[in-house]
Amino acid sequence: MGFIQALRGTRDILPEEIGYWQKVEAIAFSILDKAAYQEIRPPIFERTELFERGIGEATDVVGKEMYTFNDRATPPRSITLRPEGTAGVLRAFIQNNLYATSGVQRLWYAGPMFRYENPQAGRQRQFHQLGVEVLGSSDPRADVEAIAIATDILQALGLKDLQLNINSVGNTEDRPRYRQALVDYLTPYKDQLDPDSQDRLTRNPLRILDSKNEQTQKIVADAPSILDYLSTDSHDHFEKVQQRLSELGISYQLNPRLVRGLDYYTYTAFEIQSDHLGAQATVCAGGRYDNLVAQLGGPQTPGVGWGMGLERLILLLQKRLEPPRPRLDFYLVSRGEIAEAQALVLSQKLRHVGFSVELDLSGSGFKAQFKRADRSGAVACLVLGDTEAQNQTVNLKWLKSGEQQAIAQTDLLEKTDELRQQCDALNKQ
Ligand code: ATP
Ligand code: MG
């Protein structure tokens, strides 16, 4: 029978690569924790209407990328695998009355998202995002705090050559005026626009600014700028965001063509891009969404957030870092029935006093076991043969220097301080 392959656009994240993921997660979690962001885990599927209402029906995501199906309920109901995190987090926020708890809610999430897209490097059908949502503050400092956390994470990972682009997409009063100005400007060029953009001219004209089509881009280059259509309110908010970013020493570029693919943004919109990812350049994207909670049926609550594409982040990390390997203190080798039995007991006891231990289970000769010890990445090999078993000792061999010593098993388990220091030091190298 034929073998069943994974679906196109999905990937197995294998052990050899998992170190990158764990490193990203550990760094992100510690930075989020320090800023008092709390994790939330909404379900991976929701009612389709949630995304239609939350993301906007005229967006690419809702229009052509969602994994939507009827489940087994009668009458049938439409379910969608989440294509992004914000709608689900906000639904949970409303449903669980989190707005009643205290002033500002700072939430983060991480996990798989699903979009039916054309797979390529940095673009998959199941991909992973880390995201934050700050709910309940309209202060420009909230926008800046969220951005600063994203830049902190990227910096702590040692990623360079990243650019922060920011824009203001105004509020619900400014937007219709700008939209009209844009439509007025683009209509005479309608025939020269790419077919997608022609379609958007009536449905979602702001998205045309984001077109990747060269001819369209040329036309758009001279289009009116949204920054000339901002109300005093929007303008002030945007000024403050820029000022606060500068005070934090976060450099940015103004990009009046930046509009996000999701319809819910108001005021600030931003993206962080890399020069090293080809067409899939955006690593992190987000903005403010002051009407979204209300739009989803909750109380009027301002919010700001972002989503980070972890696959893209890891592609960048792989270019600059060897795969982070798991820490391993001892590789335990044994031969002979008594020694093998003792080795199993010893491995458990060593773990209980805090060492990491890999036990060789092969039953093969010492030579083959030593080879595996060398490849294991352990800092030391512990050897238990007949003699050692009889004497309740073990032979400890530091794999880097080749130095060896015989140690009583009790010493190994009781006088651990010095050994642990040696292991820690060698594990760091
Ligand atoms: P793009 O323009 O690359 O399609 P987007 O505007 O659709 O991105 P968002 O919905 O804002 O992206 O998602 C936030 C981030 O999630 C993106 O900046 C990107 O890093 C990542 N991302 C989005 N779609 C995918 C995907 N199909 N595969 C991998 N990462 C993705
Ligand atoms: Mg997209």
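Order of listing sets the numbers, starting from 1, for every ligand and every atom in it.
Q126 and Y67 share no side-chain donor-acceptor pair at under 3.5 Å. There is no side-chain donor-acceptor pair under 3.5 Å between Q421 and D417. No hydrogens or angles considered: a donor-acceptor pair under 3.5 Å links the side chains of S364 and R372. Neither side chain, Q295 nor Y289, offers a donor N or O lying under 3.5 Å from an acceptor on the other. Q348 and R351 are linked by a side-chain donor-acceptor pair at a separation below 3.5 angstrom, with hydrogens and angles left out of the test.
Contacts with ligand 1 closer than 4.0 Å are made by side-chain heavy atoms of Q129 only, the backbone lying farther away. With a 4.0 Å heavy-atom cut-off, ligand 1 is reached by no atom of V61.
Taking distance alone, with nitrogen or oxygen atoms compared against 3.5 Å, R123 approaches ligand 1 more closely than that limit. Looking at ligand 1, you'll find an N or O of Q124 within less than 3.5 Å of one of its N or O atoms.
For ligand 1, the atoms lying closer than 4.0 Å to a non-hydrogen atom of T282 are 17 (C), 18 (O), 19 (C), 20 (O). Close approach of ligand 1 to G307 is summarised as follows: ligand atoms under 4.0 Å from at least one heavy atom of the residue are 14 (C), 15 (C).
Closest to atom 22 (N) of ligand 1 by heavy atom, among Y116, F114, F127, is F127. If you check each of E117, M308, E84, R115 against atom 5 (P) of ligand 1, the one with the closest non-hydrogen atom is R115.
The closest approach between any non-hydrogen atom of Q280 and ligand 1 is not below 4.0 Å.
A salt bridge between R327 and D424 is present, with a side-chain N of the basic residue lying under 4.0 Å from a carboxylate O of the acidic one.
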